[in-house]
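First the proteins, then the strands, lettered A, B, ... as listed; each starts at 1.
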Amino acid sequence: MRPKTAAKWLAEYGTLEALIAAADKIGGKIGENLRTALPRLPLSKDLVTIRINTPLEVGPTDLHQRQSDNEALLELYRRYDFKAALKELEAGGAAPTAGSAGEAVADRGQSGERGQSHYSDPPPEAFSAPGEYELITTREALDAWLPRLREASVLAFDTETTSIDPMRAQIVGVSFAVEAGKAAYVPVAHDYPGAPTQLSRDEVLGALKPIFEDASIAKLGQHAKYDINVLSTHGVNVRGVAFDSMLESYVFNATTTRHDMDSLATRYLGYTTIKYEEVAGKGAKSIPFGQVDLDTATRYAAEDADVTLRLHQALYPQLQAEPRLLKVYEEIEMPLVPILAKMEQRGVLIDIDELRRQSQQLGKRMVELQKQAYASAGHEFNMDSPKQLQAVLFDELGLPVRVKTPTGQPSTNEEALEAIADAHELPRKLLEYRGLAKLRSTYTDKLASNVNERTGRVHTSYHQAVAATGRLSSADPNLQNIPIRTEEGRRIRQAFIAPPGWKIMAADYSQIELRIMAHLSGDEGLLRALGNGGDVHRATAAEVFGIPPEEITANQRSAAKAINFGLMYGMSAFGLARQLNIDRGEASDYMARYFARYPGVRDFMEATRSQAHRDGYVETLFGRRLYLEELASRNQARRAGAERAAVNAPMQGTAADIIKRAMIAVAAWIETRDDVHMLMQVHDELVFEVREDAVEAVREGVIERMSGAAELAVPLIVDVGVGANWHEAH
DNA sequence: GTGGCGTCC
DNA sequence: CAGAGGGACGCCACT
């Protein structure tokens with residue numbers, strides 16, 4: 001059950017007056033929909049009427065900041081094609097108004113004309129919170145709410161727990177809001193001296209379960225995946241999560257760094273929320289939420305649900321006004337939420353003994369290297385400290401400084417050590433030590449510590465609103481940067497295992513970003529090189545060097561590969577030269593030949609840059625949008641960086657869209673099977689555990705759905721590997 | 001909290 | 001002329 005959109009309501013009633021009259025007659029119900037449709041309240045006479053008719057008082061957002069109130073009103077009318085009212089307003093003119101809006105208009109001069117006033121600084125006015133927040137501690141009070149929850153057009157909910165790790169969290173209370181300003185908190189496990197009697201967790205979850213599990217009741221959360229996971233560990237399988245204010249903000253403008261509720265409330269509602277630290281303290285002095293007194297807890301928890309609802313009312317209409325963004329939100333991001341939740345809950349089985357064995361081996365070798373390094377330097381020092389390393393290498397040993405850090409210091413990174421490795425024995429020792437130290441601290445030891453004692457698995461968190469391009473990210477632990485390049489690192493993957501009778505299956509897209517570049521650019525040469533199904537880099541080398549593919553040398557192939565990848569990142573001839581360890585002239589020559597053979601690629605990149613400068617954003621194939629504020633920067637380096645990002649984002653972002661679509665298709669297919677689970681996503685790869693007897697069927701089904709996730713001008717090729725562990729599956 | 005470094009796609 | 005490779009997460013040292 002979705003609320004009607006503004007356009008539908010206005011179409012139905014014809015005039016704003018008629019709509020308001022209808023709202024008056026029916027009262028809250030229409031008011032609810034109206035609020036969803038028109039969350040902003042321009043200070044015009046017409047909309048003051050709405051304000052009176054609805055309890056909502058959302059602060060002005062970007063629309064009002066960058067335009068006068070009357071202009072904002074006009075834009076709303078235009079957006080909803082509300083002709084009669086528009087004419088009326090035009091007759092009265094749309095003179096700019098004074099005050100904060102005027103300042104914002106001035107601010108707009110920097111970027112507004114290029115559409116970058118899409119969002120702006122926090123609005124000056126707050127809505128008049130708090131609303132009516134009810135504390136529920138009796139069965140009667142809870143029962144009185146149940147029908148309201150069922151009948152809500154959108155049910156906002158939130159859980160309060162004992163941990164930010166959903167796999168370990170215990171629920172201490174649940175809150176919900178059904179209309180702005182009307183929210184409730186149901187504590188179930190607050191325990192402190194003098195704590196009032198509360199309903200039990202079992203009784204409350206038992207009463208709410210039919211509602212949470214009813215897919216026809218549209219639910220809303222802020223970062224709902226967390227609450228879905230928490231409720232899942234409590235035996236409640238949440239369905240029907242149709243909205244998530246965090247993802248609405250992310251799709252609306254992914255460039256905004258933070259999409260947490262406090263930031264969003266400030267930004268879009270002009271409202272300062274109660275901070276968690278204010279009620280529970282922070283650091284060593286913090287107390288569990290269950291020890292927060294019920295009055296304070298109610299103000300905090302009910303506000304969470306209330307603000308979530310208000311954010312949705314502010315953000316969702318803005319998405320509705322952008323059909324392509326709305327599609328990304330409704331058809332990609334929201335369907336992905338329960339899928340990611342499931343992957344996180346399932347986790348990946350880890351062979352912890354294997355990790356321990358590897359850790360010991362690494363430690364042994366590190367001690368040897370340490371001794372050798374001390375002897376080589378003539379004294380002991382901390383090999384993990386770049387600062388001490390710098391003193392030993394460049395001050396004491398007097399080795400030449402070939403590479404500097406961005407702050408101008410002599411660098412001790414891999415490139416720097418390689419550059420002086422022939423002049424002294426120490427750099428080699430350091431290089432090997434560094435590699436091993438990295439493997440042990442970041443992978444073998446850390447991964448082992450992340451294994452959940454209850455499940456024997458690692459349960460990563462996939463962050464859905466972090467990467468500006470639309471990619472997912474993974475944390476705690478990060479499963480998207482497990483080593484693969486070197487054999488000793490790659491062995492870490494031997495610890496990612498399947499249970500007895502099951503296999504690990506890894507399915508990855510072959511050169512997906514290159515294929516997207518071919519598709520978006522339409523370059524005939526590149527399309528041909530990718531359409532033939534052969535070795536793309538070899539084919540590129542053949543084109544660039546003008547010789548048959550079979551005569552291409554290893555060096556020529558790797559040069560072509562470096563160009564193929566480098567171009568997608570906006571690399572220059574200088575960068576290519578460094579990458580391939582050749583001189584700049586040669587690198588320029590390669591790139592010139594590349595562009596001569598693939599002129600469509602050059603044109604596409606140039607077109608992307610100019611479109612980005614014109615609009616202030618770039619888009620993926622599916623309409624996901626990335627704003628690039630720094631395109632307008634006066635700082636040349638920043639501007640150049642933004643241009644590279646502008647060229648890269650459509651490819652990286654389209655790849656992200658495609659694999660997300662694939663995940664949705666695959667998840668729908670495997671939903672009714674009990675012989676396969678999707679475990680991991682690593683940008684162009686999906687990893688499953690598959691029962692042995694189902695391997696062939698699943699291989700076929702997964703390839704079909706991943707390949708079919710987009711129709712490009714070149715085929716989407718998927719490679720599949722199967723093995724006892726992730727290492728073998730590649 | 002920042003800088004340096006290193007892992008992945 | 002200067003600067004020169006996109007997007008992440010996380011470890012360690014150091015302030």
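- No more than 12 heavy atoms of other residues, nucleotides or ligands sit less than 6.0 Å from atom NZ of A:Lys404.
- In this structure, A:Lys438 reaches the bases: a heavy-atom distance under 4.0 Å links it to at least one base atom across the strands shown.
- Listed for the A:Thr442 side chain is no donor-acceptor partner under 3.5 Å among the backbone atoms of A:Leu439.
- Spacing between atom CZ of A:Arg584 and atom P of C:dG3 amounts to 12 Å, rounded to whole angstrom units.
- Close to C:dA4, at under 4.0 Å from its OP1 or OP2, lies no side-chain N or O of A:Gln636.
- Set against C:dC11, B:dC5, C:dA4, the side chain of A:Arg644 has C:dA4 as its closest nucleotide.
- By the neighbour-count criterion of 12 heavy atoms within 6.0 Å, atom CG of A:Asn635 is densely surrounded, having more than that number from other residues, nucleotides or ligands.
- Closest approach to the A:Thr405 side chain among B:dC9, C:dC9, B:dG4 is made by B:dG4 (side chain taken as heavy atoms from C-beta onward).
- In this structure, a donor-acceptor pair under 3.5 Å is present between the side chains of A:Gln345 and A:Asn229.
- Contact annotation: A:Ser441 side-chain N/O to C:dG10 OP1/OP2 distance is not under 4.0 Å.
- Of the residues in residues 591-602 of chain A, not one places a heavy atom less than 4.0 Å from an atom of DNA chain B.
- When distances are taken from the side chain of A:His463 to each of C:dC9, C:dC12, B:dC5, the shortest belongs to C:dC9.
- A:Gln652 contributes a side-chain N or O that forms a donor-acceptor pair with the base of C:dG6 under 3.5 Å.
- Atom CD of A:Glu418 and atom P of B:dC5 are 14 Å apart (whole Å).
- A close approach under 4.0 Å does occur between a side-chain nitrogen or oxygen of A:Asn382 and OP1 or OP2 of C:dA13.
- Contacts of A:Ala468 with the nucleic acid, taken as non-hydrogen atoms under 4.0 Å apart, involve only primed sugar atoms and P, OP1 or OP2.
- A:Val647 comes within 4.0 angstrom of no nucleic acid atom, judged by non-hydrogen atoms across all strands.
- Contacts of A:Gly570 with the nucleic acid, taken as non-hydrogen atoms under 4.0 Å apart, involve only primed sugar atoms and P, OP1 or OP2.
- Within 4.0 Å (heavy atoms only), A:Ile484 reaches sugar-phosphate atoms of the nucleic acid but no base atom.
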> For A:Gln480 and A:Met680, what are the C-alpha separation, side-chain angles and deciding distance, and is it a side-chain contact (heavy atoms from CB on, under 4.5 Å)?
Replying inline: CA-CA 8 Å; A:Gln480 292 179 324; A:Met680 290 187 272; over 6 Å; no

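- Between A:Ser473 and C:dC9 there is a side-chain polar atom (N or O) within less than 4.0 angstrom of OP1 or OP2.
- Between A:Phe574 and A:Thr469, the residue anchored nearer the 5' end of DNA chain C, judged by the nucleotide with its closest heavy atom, is A:Phe574.
- Backbone-only contact: A:Ile482 has heavy atoms under 4.0 Å from sugar-phosphate atoms and none from a base.
- Between the base of B:dC9 and the side chain of A:Arg471 there is a donor-acceptor pair shorter than 3.5 Å.
- At a non-hydrogen distance threshold of 4.0 Å, A:Val682, A:His683, A:Asp684 from residues 680-689 of chain A come into contact with DNA chain B.
- Using a 4.0 Å heavy-atom criterion, one finds that A:Gln409 contacts no nucleic acid atom at all.
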Going by atom type alone, with no hydrogens or angles, which donor-acceptor pairs under 3.5 Å involve a side-chain atom of residues 646-656 of chain A and a protein atom two or more places apart or on another chain?
{"unit_1": "A:Asn648", "atom_1": "OD1", "unit_2": "A:Gln652", "atom_2": "NE2", "d": "3.1"}
{"unit_1": "A:Asn648", "atom_1": "ND2", "unit_2": "A:Met568", "atom_2": "O", "d": "2.9"}
{"unit_1": "A:Gln652", "atom_1": "OE1", "unit_2": "A:Thr469", "atom_2": "OG1", "d": "2.7"}
{"unit_1": "A:Thr654", "atom_1": "OG1", "unit_2": "A:Leu621", "atom_2": "N", "d": "3.0"}
{"unit_1": "A:Thr654", "atom_1": "OG1", "unit_2": "A:Pro650", "atom_2": "O", "d": "2.5"}

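- At distances below 3.5 Å, at least one donor-acceptor pair connects side-chain atoms of A:Gln464 with backbone N or O atoms of A:Glu333.
- On the P atoms, B:dG4 is 15 Å away from C:dA4, given to the nearest whole Å.
- Checking side-chain atoms of A:Tyr509 against main-chain N and O of A:Met706 turns up a donor-acceptor pair under 3.5 Å.
- Checking each of A:Arg428, A:Arg434, A:Arg402 against A:Glu418 for a salt bridge (Lys or Arg N to Asp or Glu O under 4.0 Å) leaves exactly one that passes, namely A:Arg428.
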> Run the side-chain contact (heavy atoms from CB on, under 4.5 Å) check on A:Tyr617 and A:Leu631 step by step: do they pass?
Replying inline: CA-CA 9 Å; A:Tyr617 62 82; A:Leu631 281 172; over 6 Å; no

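- Counting non-hydrogen atoms under 4.0 angstrom, A:Glu414 reaches the backbone sugars and phosphates but no base.
- Remark: the A:Asp445 side chain and the A:Ser359 side chain contain an N/O donor-acceptor pair separated by less than 3.5 Å.
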